[in-house]
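If you read the sequence from its start, that first residue is 1, and numbering goes on from there. Values in this document were obtained by computation on a predicted structure and should not be read as measured data.
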Amino acid sequence: MTIEVKNINKRFGEFTALDNVSLQFPAGELTALLGPSGCGKTTLLRIIAGLEHPDSGQVLLDAEDASSRHVRERQVGFVFQHYALFRHMTVFENVAFGLRVRPRATRPSETEIRARVKELLELVQLDWLADRFPPQLSGGQRQRIALARALAVEPRVLLLDEPFGALDAKVRKELRRWLRRLHDDLHVTSIFVTHDQEEALEVADQVVLMNKGKVEQLGAPGDVYNHPASPFVYSFLGNVNLFHGRVHEGVLASGDASFTGARPCRGADAKGIAYVRPHDLDVDRYTPGGEGIVVKLKRAHAIGPLAQLDLQRADNAELIEAVIPNERFGQLQIKEGDTLLVRPRRMHVFVDQGASI
């Protein structure tokens, strides 16, 4: 099923949750709605499900206007962050619930219900827990049961609201890989809400970045990470160093340092900010007249394959974070207090006229 939202607006009192949002969700793909708390992503998910109603705009399911359809008529499976399992029911009965409450005319037989639940519990690899109760399960197991329950009614759309937000980091990582494999098997059009950048980039086919009720960028994970459309997108997707200065004829001057590669902008010169990720900085020992930004090593954290360096610029005392291979850190033989040079291998410059370069 394809999903499209057109010109969706939603306010809660004086707060604008969604501001003229239009998006398309391709059939059979897994889309992540990503953004900070309060950006509108959960509100949009609930409007698609029919749990909330927009102030204006349309929800189209397979090109048909579903805005006035009741949630039961949209054939949507919804998975909540906190599972919403029935504590007094066994795992089996939780999964079977959506089938048992169907109108008599469309309700499967008891044999069909049992076969469907058994199939789903095997799919989520928890058939051995059919007789347990939710309080007897781990958080990861409960979330998989919640997903099986959503799939029991054979939804045309699967919606997940922060599905792994209540789990610890290790379980969350395992489950998101499992969800990706499950989606590849089922190919149900799916949308999940998250504020975890790593989760969205690892799992989704496409990512929608939202901020203050608006869509900042939509694209494949690699596209939004490598080609951010705005300063917000660049800053939200991972750590970043900011170098403030002025852009003139393709050069950003920031303190005593100059960065080439900035595209020319309107006007002779303009304020600009260079965005550089920590792993896109080369670090060398200081040599007089050497090319780069002069910094002092304030702290080094070298455990595992990477070394994280906290550096302080000599010209304006701003802090810079650099990440280099631990092998390179060992070769440099540097210690706290040493003077170094850093050079950006890659940067993205935004100028204040609103043009991104």
Salt bridge [X]-[Y], side-chain N to carboxylate O under 4.0 Å:
| X | Y | value |
| --- | --- | --- |
| Lys296 | Glu336 | no |
| Asp19 | Lys214 | yes |
| Asp280 | Arg345 | yes |
| Asp184 | Arg180 | yes |
| Asp338 | Lys335 | yes |

- For residues Phe78 and Phe80, establish whether the separation of their ring centroids is below 6.0 Å. yes
- Task: Would you please indicate if the ring centroids of Phe133 and His88 are separated by under 6.0 Å?
- Result: no
Can you confirm whether [X] sits close enough to [Y] that some side-chain heavy atom of one is under 4.5 Å from a side-chain heavy atom of the other?
| X | Y | answer |
| --- | --- | --- |
| Tyr275 | Asn241 | no |
| Arg116 | Glu154 | yes |
| Ser230 | Gln217 | no |
| Leu85 | Ile145 | yes |
| His195 | Pro36 | no |
| Lys10 | Phe15 | no |
| Glu29 | His187 | no |
| Lys212 | Thr16 | no |

Taking all non-hydrogen atoms of both residues into account, name the closest pair between [X] and [Y] and its distance.
| X | Y | answer |
| --- | --- | --- |
| Ala204 | Pro221 | O-CG, 3.3 Å |
| Ser254 | Asp315 | O-OD2, 3.9 Å |
| Pro26 | Thr189 | O-CG2, 3.6 Å |
| Leu252 | Ala274 | CD2-CB, 3.3 Å |
| Gly219 | Val224 | N-CG1, 3.8 Å |
| Met210 | Leu33 | SD-CD2, 4.5 Å |

Should [X] and [Y] be regarded as members of a common hydrophobic cluster, given that ILVMFWY residues are connected when their side-chain heavy atoms come within less than 4.5 Å of each other, either directly or indirectly?
| X | Y | result |
| --- | --- | --- |
| Trp128 | Leu137 | yes |
| Phe232 | Phe350 | no |
| Ile3 | Ile8 | yes |
| Ile191 | Leu209 | no |
| Val91 | Val79 | yes |

Any sub-3.5 Å donor-acceptor pair from [X]'s side-chain atoms to [Y]'s backbone N or O?
| X | Y | answer |
| --- | --- | --- |
| Asn94 | Phe86 | yes |
| Ser190 | Val188 | yes |
| Lys298 | Gln312 | no |
| Asp65 | Leu60 | no |
| Arg74 | Ser67 | yes |

Per-pair distances, 0.1 Å, donor-acceptor, side chain in residues 317-334, under 3.5 Å, sequence neighbours excluded:
from   : atom 1 : to     : atom 2 : distance (Å)
Asn326 : ND2    : Gly304 : O      : 2.7
Arg328 : NH2    : Val283 : O      : 3.2
Arg328 : NH2    : Asp284 : OD1    : 2.5

What distance do [X] atom [atom1] and [Y] atom [atom2] have between them, rounded to the nearest 0.5 Å?
| X | Y | atom1 | atom2 | value |
| --- | --- | --- | --- | --- |
| Arg177 | Glu199 | CZ | CD | 12.0 Å |
| Leu51 | Leu45 | CG | CG | 8.5 Å |
| Leu306 | His301 | CG | NE2 | 10.5 Å |
| Arg144 | Leu129 | CZ | CG | 8.5 Å |
| Ile273 | His244 | CD1 | NE2 | 4.5 Å |
| Phe92 | Asp127 | CZ | CG | 12.0 Å |

- Item | Members besides Val294 in its Ile/Leu/Val/Met/Phe/Trp/Tyr cluster (side-chain heavy atoms under 4.5 Å) | Tyr286, Leu341
- Query: In terms of side-chain heavy atoms, does Asn20 have a donor or acceptor partner in Asn7 at a distance below 3.5 Å?
  - Reply: yes
- Query: For residues Arg176 and Thr194, is any side-chain donor paired with an opposing acceptor at under 3.5 Å?
  - Reply: no
- Item | Candidate pair Gln141 and Leu126, rule side-chain contact (heavy atoms from CB on, under 4.5 Å), full reasoning | CA-CA 8 Å; Gln141 289 170 339; Leu126 292 177; 4.0 Å; yes
- Message: Taking the cut-offs as 6.0 angstrom to the six-membered ring centre and 45 degrees off its axis, would you call Arg277 and Tyr225 a cation-pi pair?
- Response: yes
Contacts of [X] that satisfy salt bridge (charged side-chain N to carboxylate O under 4.0 Å, His left out) - sequence neighbours left out:
| X | answer |
| --- | --- |
| Asp161 | none |
| Lys170 | none |
| Glu73 | none |

- Checking salt bridge (charged side-chain N to carboxylate O under 4.0 Å, His left out) for the pair Asp256/Arg313: CA distance, chi angles, key distance, verdict? CA-CA 10 Å; Asp256 294 338; Arg313 290 182 63 164; over 6 Å; no
- Item | side-chain contact (heavy atoms from CB on, under 4.5 Å) between Leu159 and Arg46, intermediate numbers included | CA-CA 9 Å; Leu159 306 178; Arg46 290 176 63 85; over 6 Å; no
- Message: Could you go through Phe236 and Leu34, starting from their C-alpha distance and side-chain angles, then the distance that decides it, and tell me whether this counts as side-chain contact (heavy atoms from CB on, under 4.5 Å)?
- Response: CA-CA 10 Å; Phe236 193 79; Leu34 174 65; 3.6 Å; yes
- State whether the number of non-hydrogen atoms from other residues, nucleotides or ligands found under 6.0 Å of His279 atom NE2 is greater than 12. yes
- Task: Determine which pairs satisfy side chain to side chain donor-acceptor pair (under 3.5 Å) with at least one residue from residues 97-108, sequence neighbours left out, and list them in order.
- Result: Glu93-Arg100, Arg100-Glu110
- Message: Run Asn9 and Ser56 through side chain to side chain donor-acceptor pair (under 3.5 Å) and show every step you take.
- Response: CA-CA 5 Å; Asn9 292 280; Ser56 61; 3.1 Å; yes
- Item | Derivation and outcome, side-chain contact (heavy atoms from CB on, under 4.5 Å), residues Val117 and Leu121 | CA-CA 6 Å; Val117 173; Leu121 289 177; 3.9 Å; yes
